[in-house]
Participant: 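Take a look at this one; I'll ask things after.
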Amino acid sequence: MSDLSSVPMGAPNLGHDTHNSATVIGKTQRLESPIFVGGAGSSGSSLLAVLFNRHPQVYCGAEASLFNKSAILDDFELLKRKLDTWLRNGLPTDGFALYPKVLPHAERDLLTPDVLTRCLRDSANTRQFIDAIQRSCLTASGKKIFAEKTPSNAYCFRQLGDLYPQGLLVHPIRDGRDVVCSFMRRGFDVFFATSAWLYNVACALSCRERPNYFEYRYEDLAQRPEAVLQQICERISIPFDDRMLESANVEAKPELGDSWRSNPVWRNNPATNINPKSIGQYKTEFNEADYAIFCAVRLSDVGARRAGAPNYSTVELLELLGYSTDPVSKRASWARARYLELRDMYRRNKYFLRRGRLPRRALTKIVV
C-alpha cells in the first residue's frame, strides 16, 4: 500500500483571485480554480464525485463529456460555428474511447443544450465559455467551487491545465488489473478494457510534473478516506468537512446518474459506505489467458504520441505507479490477439466510416 506522503503534491494550495469571481447566495464563486477529475474509468472517480458533492462548497454533477474533446477547448471560432451541430449529432474525442455525446442526458439537471448555447453566446473565448458554465452550475446549486468528473477528461488534461493554471487536475489511480476486471464484468473484452486503462492513465500522467496536478490511489481512498480527502481539500484551500464521509445509505443522487443501479455487476453503490472489498479482485477473477493478453498490451507509436507519453506497456505502467507485478505463466495466443485487434479496429472505425470519414489508427497493440 502506498504511503500518502509519497503522492505527488505539486504546487502550494490554490489561492483565491477576486478579480475573476462572482458572489451568489452569500458565497464567492471561485471561477479561476475549477477541479477536473480524469483518468481510467472504474478507478473510483464516481466515488470521489459523490464525496465532493457532499461538501457544502463543491458542486460535482454527472459526467458531461464536454471537457474531453480537443475541438471544444482548442478552437473557439470552430466552437461557435459547430456547437449546435455537435449537440445534435455528437463529437467524438481524440482518445481511445469516442464518447461522441457532448451532453449526456444524466447531466441535464443543471446543464442543458440551452444553457450551453447561452453560455457560448455571452462569451468571447474558451475560458469565458467555461467560466459561464461554472457560474450557471454554481448559481443553481448555491456552491462556490465547480468540479467535473469524466474519466476521459484525461485526454484534455494539458489543455485544461493551460486554461486554468490555478485549477486542479485530479487523477485517481488504481491497480490496472482490478480496473480491467471491473470493465470485463460490464461486458468489455480484455483488450478493450486494458487499452482504455493504459491510454487514459498515460494521458493523465503526461501532466504529472505540472504544479496543478494531483494524484491519489483508489486503494488509499477506500482504506483511509479521511486522510486522502484532507489532502485534496488542502490543495483546493477549503476545509475538510465530515459530511463528505457521511453515507447516504440509500441511492446515489440523481445528478450522479443511475448506471450503477441498472447494471448488476456494479459492486459498490458510490453513495453508501466506503469499503475496500474490490481491492485485489483480479487475483480471483483473472484467468491465465486474459492475464497474458493484459500483460502483452502496449501503446502504439500513434497512441504514445497522442498521449504525450512513452510507449508504455501495461507491466511498465503498473511498476511506474508502484504496483507489484506477477509473472506471466503462459504466452498470449497469437490468434486471439489478432482477433481482438481486428475487433477493436471495427469498433474504432465504424463511427467514422459510416460518416464518410477516414479511419483512425490504433492507439494500442498486443505484442506477442
Side-chain angles (χ1 to χ4, degrees), residues 1-11 35-52 54-55 58 60 147 149-154 157 168-183 193-194 196-236 240 244-245 266-268 270 272-286 294 307 309 312-326:
M1 190 56 58
S2 68
D3 180 355
L4 284 176
S5 64
S6 66
V7 176
M9 295 299 293
I35 305 165
F36 297 103
V37 182
S42 289
S43 293
S45 57
S46 292
L47 171 61
L48 182 63
V50 170
L51 300 180
F52 269 151
R54 291 176 186 165
H55 196 289
V58 182
C60 187
K149 183 277 300 182
T150 302
S152 50
N153 283 343
F157 259 14
L168 191 63
L169 308 173
V170 179
H171 180 200
I173 60 174
R174 184 185 182 188
D175 191 317
R177 294 161 292 191
D178 283 341
V179 171
V180 170
C181 286
S182 178
F183 273 125
T194 303
W197 171 76
L198 178 64
Y199 186 80
N200 280 37
V201 173
C203 285
L205 286 180
S206 70
C207 294
R208 203 176 201 181
E209 302 306 317
R210 287 178 176 245
N212 57 348
Y213 170 95
F214 177 89
E215 73 181 39
Y216 69 91
R217 284 195 182 195
Y218 166 80
E219 294 85 356
D220 288 332
L221 181 63
Q223 295 179 320
R224 292 180 285 170
E226 184 170 345
V228 176
L229 292 173
Q230 284 177 340
Q231 286 191 339
I232 296 175
C233 289
E234 181 180 353
R235 282 299 307 274
I236 55 179
F240 169 74
M244 299 179 77
L245 295 176
W266 284 106
R267 290 187 172 177
N268 292 325
T272 57
N273 290 322
I274 300 171
N275 67 76
K277 66 182 181 182
S278 60
I279 296 174
Q281 61 189 354
Y282 76 90
K283 295 176 182 178
T284 57
E285 295 189 13
F286 250 149
F294 171 85
Y312 290 127
S313 70
T314 50
V315 173
E316 290 169 344
L317 192 56
L318 278 176
E319 293 175 346
L320 177 66
L321 296 175
Y323 294 97
S324 60
T325 56
D326 303 317

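Any value given below was found using the heavy atoms of this structure, including those in side chains, with hydrogens, waters and symmetry copies removed. Along the sequence shown, residues are numbered consecutively beginning with 1.
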Participant: Working to the nearest 0.5 Å, report the span between CG of L317 and OG1 of T194.
Facilitator: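 The OG1 atom of T194 is 11.5 Å from CG of L317, to the nearest 0.5 Å.
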Participant: So, for C233 and M244, which heavy atoms are closest and what is the spacing to 0.1 Å?
Facilitator: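 Here C233 and M244 meet closest at SG-SD, 3.8 Å.
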Participant: So which atom in D175 and which in E219 form the shortest heavy-atom distance, rounded to 0.1 Å?
Facilitator: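 In this case the closest contact between D175 and E219 is N-OE2, 3.1 Å.
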Participant: Checking the side chain of D178 only, and the main-chain atoms of Q281 only, is there a donor and an acceptor separated by less than 3.5 Å?
Facilitator: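 Pair found, side chain donor or acceptor close to backbone of Q281.
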Participant: Identify the heavy atoms of N153 and G38 that sit nearest to each other, and give their distance.
Facilitator: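 Nearest pair, atom of N153 first, then G38: CB-CA, 4.2 Å.
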Participant: With under 30° as parallel and over 60° as perpendicular, where do the rings of Y216 and F214 fit, or are they tilted in between?
Facilitator: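 Ring orientation of Y216 relative to F214: tilted.
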Participant: Given side chains that start at C-beta, do those of K149 and F52 come closer than 4.5 Å, heavy atoms only?
Facilitator: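 K149 vs F52: side chains apart.
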Participant: Within the 4.5 Å heavy-atom criterion, are L221 and P172 side-chain neighbours or not?
Facilitator: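 Heavy-atom side-chain distance check fails, nothing below 4.5 Å.
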Participant: Testing S43, S45, S278, S42 one by one against Y218 for a side chain to side chain donor-acceptor pair (under 3.5 Å), which residue passes?
Facilitator: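 The passing option is S278.
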Participant: What's the spacing between L169 CG and R208 CZ if we round to 0.5 Å?
Facilitator: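 With rounding to 0.5 Å, CG (L169) is 14.0 Å from CZ (R208).
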Participant: Among residues at least two apart in sequence or on other chains, which ones pass ring pair (Phe, Tyr, Trp, His ring centres under 6.0 Å) with F36?
Facilitator: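 F36 satisfies ring pair (Phe, Tyr, Trp, His ring centres under 6.0 Å) with F67 only.
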Participant: Once you measure the plane-to-plane angle for F157 and H171, does it fall in the parallel (<30°), tilted (30-60°) or perpendicular (>60°) bin?
Facilitator: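 Perpendicular, since the angle between the ring planes exceeds 60°.
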Participant: Find out whether L321 and L205 are in side-chain contact, i.e. whether some heavy atom of one side chain is under 4.5 Å from a heavy atom of the other.
Facilitator: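 With C-beta onward as the side chain, the pair touches.
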Participant: At their closest point, which heavy atom of G41 faces which heavy atom of V179, and how far apart are they?
Facilitator: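 That closest heavy-atom pairing would be O-CG1, 3.3 Å.
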Participant: Could you tell me the separation between the NE2 atom of H55 and the CG atom of L229, rounded to the nearest 0.5 Å?
Facilitator: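 The NE2 atom of H55 sits 9.5 Å away from the CG atom of L229.
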Participant: Is a donor on one side and an acceptor on the other found under 3.5 Å between the side chain of R177 and the backbone of K283?
Facilitator: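 Here the side-chain-to-backbone pair does not exist.
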Participant: Do the side chains of L51 and I232 get nearer than 4.5 Å, heavy atoms only?
Facilitator: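 A side-chain contact under 4.5 Å is absent here.
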Participant: Quick check: does any side chain N or O of S313 sit under 3.5 Å from a backbone N or O of E316, one acting as donor and the other as acceptor?
Facilitator: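 Yes.
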Participant: Could I get the full list of ring pair (Phe, Tyr, Trp, His ring centres under 6.0 Å) partners for F183, not counting sequence neighbours?
Facilitator: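 With sequence neighbours excluded, F183 shows a ring pair (Phe, Tyr, Trp, His ring centres under 6.0 Å) to F188, given in chain and number order.
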Participant: What's the spacing between I35 CD1 and N212 CG if we round to 0.5 Å?
Facilitator: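 Nearest 0.5 Å value for the CD1-CG distance: 12.0 Å.
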Participant: Checking side-chain polar atoms at under 3.5 Å, does Q230 have a donor or acceptor matched by the opposite partner on E226?
Facilitator: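 Distance-only check passes for Q230 and E226.
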Participant: Of all the heavy-atom pairs spanning A40 and P151, show the shortest one and how long it is.
Facilitator: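 Nearest heavy atoms, A40 then P151: C-CB, 4.1 Å.
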Participant: Do Y213 side-chain atoms and C207 backbone N/O form a donor-acceptor pair below 3.5 Å?
Facilitator: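 No, because the side chain of Y213 does not come within donor-acceptor range (under 3.5 Å) of the backbone of C207.
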Participant: Mind checking the CD-CG spacing from Q231 to D220? Nearest 0.5 Å is all I need.
Facilitator: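 Result: 8.5 Å between the selected atoms.
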Participant: Are F286 and D326 packed together at the side-chain level, in the sense that at least one heavy-atom pair is separated by less than 4.5 angstrom?
Facilitator: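 They are not in side-chain contact.
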Participant: Could you state the interatomic distance from CZ (F294) to SG (C181), rounded to the nearest 0.5 Å?
Facilitator: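 Reported value, rounded in 0.5 Å steps: 9.0 Å.
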Participant: For A147 and V58, which heavy atoms make the closest approach, and how far apart are they?
Facilitator: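 Shortest heavy-atom contact: CB-CG1, 3.9 Å.
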